[in-house]
*Asks:* 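I have a structure I would like to understand better, so I am pasting it below and will then ask my questions one at a time.
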Amino acid sequence: MSGTRELLRSVKNLRILREIAVTDGGLKGVGDLIDNFLDSEAMAVSIARFKALPGGADMMEQRFPAFQPQIETLELLPEGTLGRAYAGMIRRLNYDADFFRPRDTSTDALWLTQRIATTHDIHHVVAGLNTQVQGESAVLAITANQIGFPAYVLLNLLASFKAFRFQPTEYEAISRAIAHGQRIGLQAKPLVLQRWEEGWEKPLSQWREELAIPMATGETFSANYE
């Protein structure tokens with residue numbers, strides 16, 4: 001029965017990936033892909049990897065509170081701090097504040113998915129990666145590498161295939177971006193474990209140093225948020 005369920009899940013994943021490809025990464029399709037993995041074997045492995053990280057099990061079992069940044073407050077912090085840099089990014093992207101509303105976190109899978117979704121953009125800021133296709137692929141690669149978050153693994157496979165098949169001149173750039181994200185995933189401390197909301201006042205440069213994040217200086221997918 002488990003094999004049949006996973007086969008049906010794979011078929012649905014292919015349909016969702018096609019939708020994502022057609023809509024150039026539409027958020028609805030990405031959300032559907034993430035939800036389709038919630039009760040999967042791959043998600044169970046990802047949860048196990050998260051729990052195996054130092055402090056991961058405690059963070060998950062305590063259901064660390066939902067991420068709800070107060071952008072107006074963060075904007076008042078000094079320049080160079082994580083909070084100020086993050087707030088500036090959110091303003092430039094014109095994100096809807098409702099995105100950060102608390103959602104159901106009653107299971108391990110739901111909690112981890114919510115935590116990853118709401119803190120995803122902090123990874124862009126801390127790692128100095130832009131929000132274009134290449135930068136997104138790099139950020140996805142960090143979490144995919146550090147805990148094997150299944151939807152992110154598939155999204156980067158799609159990005160690589162799409163570039164190779166339809167935009168071959170872009171394939172090298174996508175590959176470099178994903179490789180850089182994997183490098184961060186291997187060398188840096190786990191970004192998924194960080195309690196960012198307890199360190200908004202800390203300088204962005206200090207966060208990067210403490211987490212041992214290699215920067216993508218000069219790359220087309222890099223960005224300056226300071």
Side-chain angles (χ1 to χ4, degrees), residues 6 9-38 40-43 45-46 49-50 89-90 92-95 99 109 112-188 190-192 213-225:
E6 291 303 317
R9 192 189 316 278
S10 296
V11 171
K12 185 175 181 179
N13 281 339
L14 288 174
R15 291 200 301 267
I16 296 172
L17 287 172
R18 182 179 181 279
E19 176 188 341
I20 293 173
V22 171
T23 59
D24 287 326
L27 289 179
K28 179 183 181 302
V30 173
D32 289 343
L33 184 66
I34 291 173
D35 288 346
N36 196 40
F37 274 112
L38 282 174
S40 68
E41 295 176 7
M43 189 64 181
V45 171
S46 184
R49 288 183 61 181
F50 181 89
M89 175 193 182
I90 294 300
R92 287 193 297 275
L93 292 174
N94 195 31
Y95 274 2
F99 176 78
L112 184 59
T113 294
Q114 172 71 355
R115 185 67 184 174
I116 288 175
T118 53
T119 59
H120 170 86
D121 289 310
I122 299 182
H123 295 189
H124 278 279
V125 174
V126 174
L129 299 166
N130 65 35
T131 57
Q132 305 305 310
V133 174
Q134 296 169 25
E136 284 291 348
S137 293
V139 170
L140 295 181
I142 298 172
T143 308
N145 183 282
Q146 292 189 329
I147 62 168
F149 193 62
Y152 286 6
V153 174
L154 272 191
L155 286 171
N156 268 351
L157 286 174
L158 174 63
S160 294
F161 173 78
K162 187 177 178 181
F164 181 77
R165 176 64 178 83
F166 301 107
Q167 297 172 304
T169 57
E170 301 296 320
Y171 181 69
E172 179 185 0
I174 287 291
S175 297
R176 289 178 65 86
I178 292 174
H180 181 74
Q182 291 173 333
R183 180 187 175 200
I184 294 175
L186 288 170
Q187 295 184 7
L191 270 60
V192 291
I213 295 177
M215 301 305 292
T217 306
E219 294 284 4
T220 56
F221 46 85
S222 66
N224 180 22
Y225 295 101

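The shown structure was predicted, so the numbers you read here are calculated from the model rather than taken from an experiment. Starting from 1, each residue takes its place in the sequence as its number.
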*Asks:* Would Thr131 and Met89 satisfy side-chain contact (heavy atoms from CB on, under 4.5 Å), going step by step from the backbone distance to the final call?
*Replies:* CA-CA 10 Å; Thr131 57; Met89 175 193 182; 3.4 Å; yes
*Asks:* On a heavy-atom basis, which atom in Ser160 and which in Ile178 lie closest, and how many Å separate them?
*Replies:*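 For Ser160 versus Ile178, the nearest heavy atoms are OG-CD1, 3.3 Å.
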*Asks:* Over all heavy atoms of both residues, which pair between Asn36 and Lys12 is shortest? Give the atoms and the distance, please.
*Replies:*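 Heavy-atom minimum between the residues: OD1-CD, 3.3 Å.
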*Asks:* Using 0.5 Å steps for rounding, measure from the OG atom of Ser46 to the CG atom of Leu112.
*Replies:*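 Between Ser46 OG and Leu112 CG, I get 5.5 Å after rounding to 0.5 Å.
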*Asks:* Tell me the closest heavy-atom pair linking Leu33 and Ala151, and the distance in Å.
*Replies:*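 In this case the closest contact between Leu33 and Ala151 is CD2-O, 3.8 Å.
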*Asks:* Can you tell if the side chain of His180 reaches within under 4.5 Å of the side chain of Phe221, non-hydrogen atoms only?
*Replies:*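 Sidechains of Phe221 and His180: in contact.
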*Asks:* Does Asn156 use its side chain to pair, donor to acceptor, with the backbone of Ser137 at less than 3.5 Å?
*Replies:*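 Here the side-chain-to-backbone pair exists.
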*Asks:* Ignoring hydrogens, what is the shortest heavy-atom contact between Asp32 and Glu19? Give both atom names and the distance.
*Replies:*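 What the structure gives for the nearest pair is OD2-OE1, 4.3 Å.
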*Asks:* Can you list the residues that meet the side-chain hydrogen bond (donor to acceptor under 3.5 Å, both in side chains) rule with Arg176, with sequence neighbours excluded?
*Replies:*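 For Arg176, the residues satisfying side-chain hydrogen bond (donor to acceptor under 3.5 Å, both in side chains) (neighbours in sequence not counted) are Glu219.
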*Asks:* For the side chain of Tyr225 and the backbone of Leu129, is there at least one donor-acceptor N/O pair under 3.5 Å apart?
*Replies:*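 Indeed, once roles are kept as given, a pair shorter than 3.5 Å links the two residues.
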*Asks:* What are the two closest heavy atoms between Ile174 and Ala163, and how far apart are they?
*Replies:*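 Distance-wise, the nearest heavy atoms are CG1-CB, 4.1 Å.
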*Asks:* Does the side chain of Thr217 reach to within under 4.5 Å of the side chain of Ser222, using non-hydrogen atoms?
*Replies:*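 With C-beta onward as the side chain, the pair stays apart.
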*Asks:* Using modelled atom types and a 3.5 Å cut-off, is there a donor and acceptor pairing between side-chain atoms of Arg183 and backbone atoms of Pro214?
*Replies:*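 No: the side chain of Arg183 does not pair with the backbone of Pro214.
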*Asks:* Please name all residues satisfying ring-ring contact (aromatic ring centres under 6.0 Å, His included) with Phe161, sequence neighbours left out, ordered by chain then number.
*Replies:*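 Phe161: no ring-ring contact (aromatic ring centres under 6.0 Å, His included) contacts found.
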*Asks:* Tell me every residue that passes side-chain hydrogen bond (donor to acceptor under 3.5 Å, both in side chains) with Thr220, counting only those two or more places apart in sequence or in another chain.
*Replies:*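 Thr220 satisfies side-chain hydrogen bond (donor to acceptor under 3.5 Å, both in side chains) with Gln134 only.
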*Asks:* Does Phe149 reach the side chain of Leu140, with side-chain heavy atoms less than 4.5 Å apart?
*Replies:*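 The answer is no; the side chains never approach within 4.5 Å.
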*Asks:* What is the distance from atom CD1 of Ile116 to atom CG of Leu191, rounded to the nearest 0.5 Å?
*Replies:*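 One finds 11.0 Å between CD1 of Ile116 and CG of Leu191.
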*Asks:* With rounding to the nearest 0.5 Å, note down the distance linking OH in Tyr152 to CD1 in Ile34.
*Replies:*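 The CD1 atom of Ile34 is 5.0 Å from OH of Tyr152, to the nearest 0.5 Å.
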*Asks:* To the closest 0.5 Å, what do you measure between CE (Met43) and CZ (Phe50)?
*Replies:*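 Rounded to the nearest 0.5 Å, the CE-CZ separation comes out at 10.0 Å.
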*Asks:* Kindly write out the residues that satisfy side chain to side chain contact (heavy atoms under 4.5 Å, CB included) with Glu41, not counting sequence neighbours, or none if the list is empty.
*Replies:*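 For Glu41, the residues satisfying side chain to side chain contact (heavy atoms under 4.5 Å, CB included) (neighbours in sequence not counted) are Ser2, Glu6.
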*Asks:* In Å, rounded to the nearest 0.5 Å, how long is the span from CD1 of Ile20 to CG of Leu155?
*Replies:*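 Going from CD1 on Ile20 over to CG on Leu155, the span is 5.0 Å.
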*Asks:* Which heavy atom of Ile142 sits nearest a heavy atom of Ala127, and at what distance?
*Replies:*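 Scanning both residues completely, I find the closest heavy atoms to be CD1-CB, 4.2 Å.
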*Asks:* Please determine whether the number of non-hydrogen atoms from other residues, nucleotides or ligands lying under 6.0 Å from atom CZ of Arg165 exceeds 12.
*Replies:*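 Count not over threshold, so no.
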*Asks:* Kindly write out the residues that satisfy side-chain hydrogen bond (donor to acceptor under 3.5 Å, both in side chains) with Glu136, not counting sequence neighbours, or none if the list is empty.
*Replies:*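 His120, His124.
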*Asks:* State, yes or no, whether a side-chain contact exists between Leu154 and Phe37 at a heavy-atom distance under 4.5 Å.
*Replies:*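 Yes, at least one pair of side-chain atoms sits under 4.5 Å.
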*Asks:* In Å, rounded to the nearest 0.5 Å, how long is the span from OG1 of Thr143 to NE2 of His123?
*Replies:*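 So the OG1 of Thr143 and the NE2 of His123 are separated by 5.0 Å.
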*Asks:* The criterion is side-chain hydrogen bond (donor to acceptor under 3.5 Å, both in side chains); which residues satisfy it with Gln187, sequence neighbours excluded?
*Replies:*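 Gln187: no side-chain hydrogen bond (donor to acceptor under 3.5 Å, both in side chains) contacts found.
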